[in-house]
2 protein chains.
Amino acid sequence: MGSAAGAPTHARRRAGRPPQAVLSSARITKAALKLVSADGYKGLTMAALAKSLNVAPSALYNHVRSKQDVLLLVEDHLMGRVDVTAFGVEPWAEAVKIWAHSYRNVFAAHLPLIPVIALLPVTNAPATITMYEAVTKGFLAAGWPSDSIIDAVVALESFIYGSAYDVNAPADIFDAGSLAPQAPHFAAAVTQRSNPGGQSDANAAFTLGLSAMIAGLLATSTRVSDTE
Amino acid sequence: MGSAAGAPTHARRRAGRPPQAVLSSARITKAALKLVSADGYKGLTMAALAKSLNVAPSALYNHVRSKQDVLLLVEDHLMGRVDVTAFGVEPWAEAVKIWAHSYRNVFAAHLPLIPVIALLPVTNAPATITMYEAVTKGFLAAGWPSDSIIDAVVALESFIYGSAYDVNAPADIFDAGSLAPQAPHFAAAVTQRSNPGGQSDANAAFTLGLSAMIAGLLATSTRVSDTE
DNA sequence: ACCTGAACACCGTTCAAGT
DNA sequence: ACCTGAACACCGTTCAAGT
């Protein structure tokens, strides 16, 4: 699909025309990702996107209905980078860990997409649907009852989205400053955190929470069979 | 604190002046909340905020450095609505559930504040620090080792933030549409979800994930004593 | 069908000038 | 110290006009 995106389909037009700027969803997605890589999401404006594609901003609206549509294109592209290969190969708990780590790491670098993933229907997001299909099959193979799979996946995803934010939290996010004397137990707990500051904090909390949720899901589930 | 916000402190000025529009953090917070209640976060602009306070937009910048500061004021105010009263009264697991439900429900109605909570330091956010102090004391009372309390709280919060988004997801978010035939297992799991569509889905996933994480934290913790 | 150019209705923020 | 008024540098989006 989309393989002929670069091929002009109007060869019957007479020659001698100025070269046509052939826009497409694929080219828009690629250009958007390049802008984000260079300048972050503040650099992803419709004007900048159009400029990078050598068209007028209004030309974009022949291919997307809104900037939200552009974000959905980028989101779906990135969902293809989430590693689902462990499902059906590794034991369920291990596969979930690999998937969750990959999922969090991909979107920790794309925080503005989290509301897009969390709130927009998956319709016309093929890579996202493919990801969910692989995950569902992994749960089914582990004997998960099918009426609770989506709830379990949603719970895990909720934790993953929140954890993606946490990756980007500054090291001093829990520094109470001058108000520390009024919250002595909290301030002490922050100080006594295993390795306070830095990204290792986010990893410690993520690993702890993920292990806990996986263990809890295993304990409360009514799975029929198990590949572990 | 802030009790004299409405009282003019320049009584020595001679009379006969036009009435002064006394701005303050408290008045800005209240006006911002009112705008959000009326129109949502799209209605919270610096211009609208200024208008509702009968000042020029530029006047706001004598009290806040940016719109982010306004959002932080609102966030801290709302954090005071999170119910922490169960800590030290109910058993730990029950107290966490009450706190988590309250926390999620407060911010499900204020999604744009989630990046603010997740990424901005708690310095000068007194209600937020007060909330963390109560939670920390609840964990300590349940025998939680102090070097793992913050990680556990961060893990729970990450899940809460993601779940707040999920409350606002449309009922058809997992409708694959025309792509359903390419993801048969996923589409079937969506159909077989206990009560597909509506907000009860979000509640089912939230309850499942929260129970799992609490059970998992209890199982893997090295708590010394326990009030349960 | 797809693009251009101009315009529209906004944003958050700055700053000289007032009192 | 705190406010006004004007301006700045943007945004996303629309639409008549072209080819």
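A, B, ... follow the sequence lines: proteins, then strands. Residue 1 opens every chain.
For a distance-only test at 3.5 Å, the side chain of S58(B) qualifies as a donor-acceptor partner of the base of dG5(D).
Aromatic ring orientation, H101(A) versus F206(A): perpendicular (interplanar angle above 60°, classes split at 30° and 60°).
Nucleic acid contact class of T45(A) (heavy atoms, under 4.0 Å, all strands): sugar-phosphate only.
Taking the six-membered ring for Trp, Y165(A) and Y161(A) have ring centres at least 6.0 Å apart.
The distance from atom OH of Y41(A) to atom P of dC10(D) is 22 Å, rounded to the nearest whole Å. Residue L49(B) contributes atom CG, which lies 10 Å from atom P of dG12(C) at whole-angstrom precision. One atom, CD1 of I28(A), and another, C1' of dC2(C), lie 12 Å apart when rounded to the nearest Å. Rounding to whole angstrom units, CG of residue N62(B) and P of dT14(C) are separated by 12 Å. Rounded to whole Å, atom P of dC11(C) lies 16 Å from atom NZ of K67(A). The CE-P distance, from M46(A) to dC10(C), rounds to 19 Å in whole Å. Rounded to an integer number of Å, the gap from CG of L60(A) to P of dG5(C) is 14 Å. For Y61(B) and dA1(D), the OH to C1' distance is 19 Å, given to the nearest whole Å.
When Watson-Crick and G-U wobble pairs are counted only if both distances are under 3.5 Å, dC10(C) pairs with no nucleotide at all. Within the shown strands, dG5(C) is the pairing partner of dC15(D) under the Watson-Crick or G-U definition, both distances less than 3.5 Å.
The shortest distance between the side-chain N/O atoms of H63(B) and the OP1/OP2 oxygens of dC3(D) is below 4.0 Å.
Within the 3.5 Å criterion, the main-chain N or O of D175(B) finds a donor-acceptor partner in the side chain of T123(A).
A donor and an acceptor atom, one from each side chain of N203(A) and R104(A), are located under 3.5 Å apart.
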